[in-house]
Trainee: 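Submitted below is the structure of interest, expressed as structure tokens.
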Amino acid sequence: MAKKVGLVGCGAIGTVLAEAIERKLVVCDELVVFDVDAAKAQKLKVALDFPVKIVANVDELLAAKPKVVVEAASQQAVREYYEKILAANVDLIVMSTGALLSLNTENPNVHFSSGAIGGLDALASAALAGIDEVTITSRKNPKALGKTNTEEATIYEGYAEEAAKLFPREMNVAATLALTVKPAKVRVKVVSDPAVKRNTHEIQVKWRFGEMFMRFANDPHPENPHTSALAAWSAIKLLQTLLES
Ligand SMILES: NC(=O)c1ccc[n+]([C@@H]2O[C@H](COP(=O)([O-])OP(=O)(O)OC[C@H]3O[C@@H](n4cnc5c(N)ncnc54)[C@H](O)[C@@H]3O)[C@@H](O)[C@H]2O)c1
């Protein structure tokens with residue numbers, strides 16, 4: 001049977017993913033895409049030689065019988081389409097992980113990639129033994145945060161659940177950590193720093209048998225500075241794995 005991939009959201013991540021499919025980094029036969037902004041879907045289709053089918057809504061996307069659906073749209077999109085996609089019994093890759101914090105994620109068809117960070121395997125292992133404290137400090141250029149400060153400024157300190165709501169485009173990384181280490185809490189600090197060009201995430205973990213420190217300095221996507229290129233590549237990697245299974 002032909003292997004199809006469904007894509008919800010044809011922005012920065014969706015486009016990098018579609019290009020990877022065209023370059024055969026991910027092997028599938030057809031890409032079925034939906035975007036509320038029809039022009040975005042059209043732009044993606046004309047940029048590719050690979051067969052792309054544009055559909056008008058998620059029902060049509062599911063009717064095409066994709067093996068995997070990738071959400072690369074928004075937290076709102078996850079909340080809107082989650083039940084419908086899972087009812088179709090297809091694998092779902094969620095990029096807007098903030099939305100998952102208030103949804104039931106028990107279904108084995110729900111997947112999230114490591115996104116703009118990594119090391120989730122180590123965190124998940126430590127979480128089994130017991131995690132005392134997880135802190136993520138995200139440092140971005142003011143432009144990537146919609147700010148205009150000329151000196152370094154801490155613009156948020158709190159916890160992942162609140163951060164993912166207040167910064168729905170920025171703090172999916174914190175949500176991803178929270179989903180990985182739950183029920184442990186993830187402390188979040190967001191720094192708007194004119195001195196940095198890269199989106200930088202530093203993660204500190206104190207757990208029962210040691211400590212961890214991870215640092216990711218990611219080039220922002222040229223067309224969408226909110227998003228790190230690594231996030232798109234993590235979706236590609238997970239999609240590759242799910243399609244091969
Ligand atoms: N997990 C992570 O580490 C991580 C990292 C970066 C981005 N993200 C998240 O992934 C998502 C996609 O990121 P992006 O940079 O590609 O965003 P983008 O803004 O470049 O593209 C999103 C696209 O989705 C479309 N869209 C929005 N809501 C929709 C809906 N309800 N139905 C259909 N289409 C819809 C938009 O029109 C747009 O074309 C965002 O929510 C972003 O915050 C997660």
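One-based numbering, in listed order, for ligands and for the atoms of each.
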Trainee: Is any N or O atom of E170, backbone or side chain, closer than 3.5 Å to an N or O atom of ligand 1?
Mentor: no
Trainee: As a check for students: among A12, A73, G11, identify the option with a heavy atom nearest to atom 24 (O) of ligand 1.
Mentor: A73
Trainee: Using distance alone, with no hydrogens and no angle criterion, decide if N109 and N89 have a side-chain donor and acceptor under 3.5 Å apart.
Mentor: yes
Trainee: By number and element, which atoms of ligand 1 are closer than 4.0 Å to a non-hydrogen atom of V173?
Mentor: 3 (O)
Trainee: Look only at interatomic distance and state if G115 has a nitrogen or oxygen under 3.5 Å from any nitrogen or oxygen of ligand 1.
Mentor: no
Trainee: Can you tell me which residue and heavy atom of the protein come closest to atom 39 (O) of ligand 1, and the distance to 0.1 Å?
Mentor: D35 OD2, 2.6 Å
Trainee: Taking a cutoff of less than 4.0 Å between a non-hydrogen atom of the residue and any ligand atom, is R169 in contact with ligand 1?
Mentor: yes
Trainee: Under 4.0 Å from any heavy atom of N172, which atoms of ligand 1 are there?
Mentor: 1 (N), 2 (C), 8 (N), 9 (C), 42 (C), 43 (O), 44 (C)
Trainee: Indicate yes or no for a side-chain donor-acceptor contact from N172 to the backbone of G98 under 3.5 Å, with no hydrogens or angles considered.
Mentor: yes
Trainee: Check N224 against ligand 1 and report side chain, backbone, both or neither, counting heavy atoms closer than 4.0 Å.
Mentor: side chain
Trainee: Distance under 4.0 Å to a non-hydrogen atom of P168: what atoms of ligand 1 satisfy this?
Mentor: 43 (O)
Trainee: Going through the distances and angles, do L7 and L17 end up as a side chain to side chain contact (heavy atoms under 4.5 Å, CB included)?
Mentor: CA-CA 9 Å; L7 173 64; L17 186 105; 3.9 Å; yes
Trainee: Below a 4.0 angstrom heavy-atom separation, can you tell me which part of K40, side chain or backbone, both or neither, approaches ligand 1?
Mentor: side chain
Trainee: Is there a polar contact, in the sense of an N or O pair closer than 3.5 Å, between I13 and ligand 1?
Mentor: yes
Trainee: Tell me whether K185 is salt-bridged to E133, with the criterion being a basic N under 4.0 Å from an acidic carboxylate O.
Mentor: no
Trainee: Donor-acceptor check, side chain of N149 to backbone of S192, threshold 3.5 angstrom: yes or no?
Mentor: yes
Trainee: What protein heavy atom sits nearest atom 33 (C) of ligand 1, and how far off is it?
Mentor: V36 N, 3.4 Å
Trainee: Is the closest side-chain heavy-atom distance between V33 and V55 below 4.5 Å?
Mentor: no
Trainee: Go through ligand 1 atom by atom and flag the ones less than 4.0 Å from a non-hydrogen atom of T227.
Mentor: 6 (C), 7 (C), 13 (O), 14 (P), 15 (O)
Trainee: Less than 4.0 angstrom from a charged side-chain N to a carboxylate O is my criterion; do R215 and E202 meet it?
Mentor: yes
Trainee: Looking at ligand 1, does any of its N/O atoms fall within less than 3.5 Å of an N/O of S96?
Mentor: yes
Trainee: Please determine if D29 and K3 form a salt bridge, counting it only when a charged side-chain N lies under 4.0 Å from a carboxylate O.
Mentor: no
Trainee: Going by an N to O cut-off under 4.0 Å, is there a salt bridge joining D132 and K206?
Mentor: no
Trainee: Under a 4.0 Å N-O cut-off, is there an ion pair linking E30 with K4?
Mentor: yes
Trainee: Is the closest side-chain heavy-atom distance between K165 and M171 below 4.5 Å?
Mentor: no
Trainee: Examine A231 against ligand 1 and note whether any of their N/O atoms are separated by less than 3.5 Å.
Mentor: no
Trainee: Heavy atoms only, cut-off 4.0 Å: how does E80 contact ligand 1, side chain, backbone, both, or neither?
Mentor: side chain
Trainee: V190 and L145: side chain to side chain contact (heavy atoms under 4.5 Å, CB included), yes or no, with the steps?
Mentor: CA-CA 9 Å; V190 182; L145 290 163; 4.0 Å; yes
Trainee: Decide whether T176 and T97 meet the rule of one side-chain donor and one side-chain acceptor closer than 3.5 Å.
Mentor: yes
Trainee: For Y81, which part has a heavy atom under 4.0 Å from ligand 1: side chain, backbone, both, or neither?
Mentor: side chain
Trainee: Would you mind running through ligand 1 and noting each atom that sits below 4.0 Å from a heavy atom of G9?
Mentor: 23 (C), 24 (O)
Trainee: Identify, by atom number and element, the atoms of ligand 1 in contact range of D37, meaning under 4.0 Å from any of its heavy atoms.
Mentor: 37 (O)
Trainee: Look only at interatomic distance and state if F34 has a nitrogen or oxygen under 3.5 Å from any nitrogen or oxygen of ligand 1.
Mentor: no
Trainee: Need the ligand 1 atom indices (1-based, order shown) with element for anything under 4.0 Å from a heavy-atom of A77.
Mentor: 30 (C), 31 (N)
Trainee: Provide, to 0.1 Å, the distance between atom 28 (N) of ligand 1 and the closest protein heavy atom, together with that atom's residue and name.
Mentor: S74 OG, 3.1 Å
Trainee: Apply the side-chain contact (heavy atoms from CB on, under 4.5 Å) test between F112 and each candidate in L120, L238, I93, T105; give the one that qualifies.
Mentor: L120
Trainee: Starting from atom 44 (C) of ligand 1, locate the nearest protein heavy atom and write down its residue, its atom name and how far away it is, to 0.1 Å.
Mentor: M95 O, 3.1 Å
Trainee: Considering only the protein, which heavy-atom contact is closest to atom 3 (O) of ligand 1, and what is its distance?
Mentor: A116 N, 2.9 Å
